[in-house]
Amino acid sequence: QVVLLRRGVKAFETAGGEPLNGLLFEGPPGTGKTWLAQAISTEAGVPFFYVDTSSLQAMFMGVGNMKVARVYGKARKAAKEYGAAVIFFDEIDSVGSRGGVASVGGGTQGGGLGGMMGGGGMGLLSTMLIEMSGFSLEHGWRARVRGWWYKKILRRNPPKPQKRVLTIGATNRIQALDPALLRPGRFDKKIRIDAPDSYGRREIFDYYLGKMAHDNSLDPTILASETPGYTPADIKYLLNEALRYALFDGRRYITYQDFQRAKPEHEMGLRAPVKHMSKEARERLAYYIACRTAAVRLFLPEHRIARITIIRQGNTFGHVSHYPAKETYQGMRTRDQYYNLLKVYAAGKAGEIEFTGAGNQSLGMGGDFSQIRFWLNMMAQAGMLGPLGATGGIRAGLLGTVSDASPEMVQAMETAYQQVLAETRRTLREHADMIKALVKLRLEKEELLADEVKTFFDEYGQIGRAHV
């Protein structure tokens, strides 16, 4: 719609409408806000003016204001020739924040020059508001000269100023922007640009893989399922890192293994193999990883296990990477799905108790237990555990988050956890042979990828969701 209105701006004005004045893109970094703004301009066939808002900050007062006025002057001149023009302000929150109008901190810090130095950001927002509203076309010395020329020389009234410049802004902090910028007539439309969904990521992988040499093991659909939350910038960087691994391996094409090595490094940091760990500790770690992997296979069969390791990367000594075959949304999960998710988080603790003894439990479950507490609290707030309670919620405390749950809710959460732990332990006992075989394989090989994990579980038949 924006492109069509830019193309047919004259017809829109003839019909009595005013063209779109401002468009604000909001979203996390790397989602393509800058490229989308340029695509709008290119598709509409009108000039595009890019403004890096950091360049508007200057040592001398008024320099940034003149830059803004100059950009709008150039854009209006181009709009007369091409019918319309687009100005794009990247990271507009740096000049459009709520404190922008009163940003006078440098007014008395100019030393010998007084207020002429140190106030380079002063009044930038005011200038933007005036230019976006078009007041500079109707007031000021230029408007007076223009009115005198038409009335005294041409003997007719000056035509109404044409507002054919579309201002596009991009920010990831819309709450910091001044309300005067967000009202209709300035940024008329706000568009939220989030990370793409699975279908969008697949198309992005298709696009970038079309430019890179790769073998048939790279399936865009699988790559998209293993990168939830990734932005286009993340995907581009990830494939570039995968190509780096391929070149270091003496190849000029990417494989799925290169992708699997690059992805955890991008998310968690460099690999650091676990050395000088005692045999007993290494065996406990192997049981933890094996039980967690088995729980994913048993309780979340719709998930694809992409990688399991006993390699230190980030703050943990091992990883089980698994992803749903289809995009899932937190608010749409059912009570049974949450219970199965809790069983996966509790599997490491259950495995330690079952296979290494209750006296050999470790603190490696700390991250899992924080997730268990979080999801139990969310389920309790939604009434999934029975009693609603008089109060509920989570607040910040001196030692972290503090639950305001009522005693009834706390008891319901504890009962649910004990039930989950007992059911998980029973299920792991029923598949003890498989888990011990996986532990033996894990001790022999520090890393297993998707095909190897699938081959291992296929030896034990079609293991589906555990019915307990």
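Keep in mind the model is a prediction, meaning the values are calculated, not measured.
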How long is the straight-line distance from [atom2] of [Y] back to [atom1] of [X], given to the nearest 0.5 Å?
X      : Y      : atom1 : atom2 : value
Asp52  : Phe88  : CG    : CZ    : 10.0 Å
Ile311 : Leu270 : CD1   : CG    : 12.5 Å
Phe48  : Leu166 : CZ    : CG    : 10.0 Å
Leu448 : Lys454 : CG    : NZ    : 14.5 Å
His431 : Arg297 : NE2   : CZ    : 10.5 Å
Glu446 : Ile289 : CD    : CD1   : 12.0 Å

Under 3.5 Å, is there a donor-acceptor pair between the side chain of [X] and the main chain of [Y]?
X      : Y      : answer
Lys236 : Thr231 : no
Glu452 : Leu449 : yes
Asn172 : Gly27  : no
Arg442 : Ala290 : no
Arg186 : Leu181 : no
Ser321 : Ala306 : no
Asp258 : Thr255 : yes
Asp249 : Arg251 : no
Asn21  : Gly185 : yes
Lys190 : Glu26  : no

On a heavy-atom basis, which atom in [X] and which in [Y] lie closest, and how many Å separate them?
X      : Y      : result
Thr34  : Asp90  : OG1-OD2, 3.6 Å
His214 : Leu218 : CB-CD1, 3.6 Å
Ala295 : Lys343 : CB-O, 4.3 Å
Ala242 : Ile254 : CB-CG2, 3.7 Å
Pro232 : Gly30  : CD-O, 3.2 Å
Pro28  : Asp194 : CD-OD1, 4.1 Å

Quiz item: Will you find, in the side chains of Thr167 and Tyr72, an N or O donor that is under 3.5 Å from an N or O acceptor?
Solution: yes

Measure the shortest side-chain to side-chain distance between [X] and [Y] over non-hydrogen atoms and say whether it is less than 4.5 angstrom.
X      : Y      : value
Val344 : Arg292 : yes
Glu131 : Met128 : no
Leu239 : Lys211 : no
Leu238 : Leu223 : no
Arg373 : Tyr417 : no
Leu177 : Phe187 : no
Met413 : Leu385 : yes
Arg307 : Glu226 : no

Quiz item: Near Arg252 CZ, under 6.0 Å, is it more than 12 heavy atoms from other residues, nucleotides or ligands?
Solution: no

Exercise. Given side chain to side chain contact (heavy atoms under 4.5 Å, CB included), test Phe457 with Thr293 step by step and report yes or no.
Key: CA-CA 10 Å; Phe457 282 117; Thr293 305; 3.9 Å; yes

Practice problem: With side-chain hydrogen bond (donor to acceptor under 3.5 Å, both in side chains) as the test, would you mind laying out the steps for Ser217 and Asp215 before giving the verdict? | Solution: CA-CA 6 Å; Ser217 65; Asp215 66 1; 2.6 Å; yes

Self-check item: Salt-bridge criterion met for Lys263 and Glu267 (N-O under 4.0 Å)
Solution: yes

Self-check item: Lys/Arg-Asp/Glu bridge criterion (N-O < 4.0 Å) met for Arg284, Glu352
Solution: no

Exercise. Would you please test Ile191 and Leu36 for side chain to side chain contact (heavy atoms under 4.5 Å, CB included) and show each step?
Key: CA-CA 11 Å; Ile191 299 179; Leu36 183 58; 5.7 Å; no

Self-check item: Derivation and outcome, salt bridge (charged side-chain N to carboxylate O under 4.0 Å, His left out), residues Glu423 and Arg426
Solution: CA-CA 5 Å; Glu423 292 176 356; Arg426 185 168 72 248; 5.1 Å; no

Self-check item: Arg202 charged N/C atom sitting above Tyr199 aromatic ring, 6.0 Å / 45°
Solution: no

Quiz item: Looking at the rings of Tyr230 and His266, which for Trp means the six-membered one, are their centres under 6.0 Å apart?
Solution: yes

Quiz item: What residues, two or more places apart in sequence or in another chain, satisfy side-chain hydrogen bond (donor to acceptor under 3.5 Å, both in side chains) together with Arg429?
Solution: Glu354

Self-check item: Stepwise side chain to side chain contact (heavy atoms under 4.5 Å, CB included) check, Ile372 with Val420
Solution: CA-CA 10 Å; Ile372 291 174; Val420 165; over 6 Å; no

Practice problem: Over 60° means perpendicular and under 30° means parallel, so classify the ring planes of Tyr287 and Phe355, tilted if in between. | Solution: parallel

Quiz item: Parallel, tilted or perpendicular for Phe259 and Tyr256, by the 30°/60° rule?
Solution: parallel

Quiz item: Can you check side chain to side chain contact (heavy atoms under 4.5 Å, CB included) on Arg244 and Glu241, steps first, answer last?
Solution: CA-CA 5 Å; Arg244 178 175 63 86; Glu241 286 296 291; 2.6 Å; yes

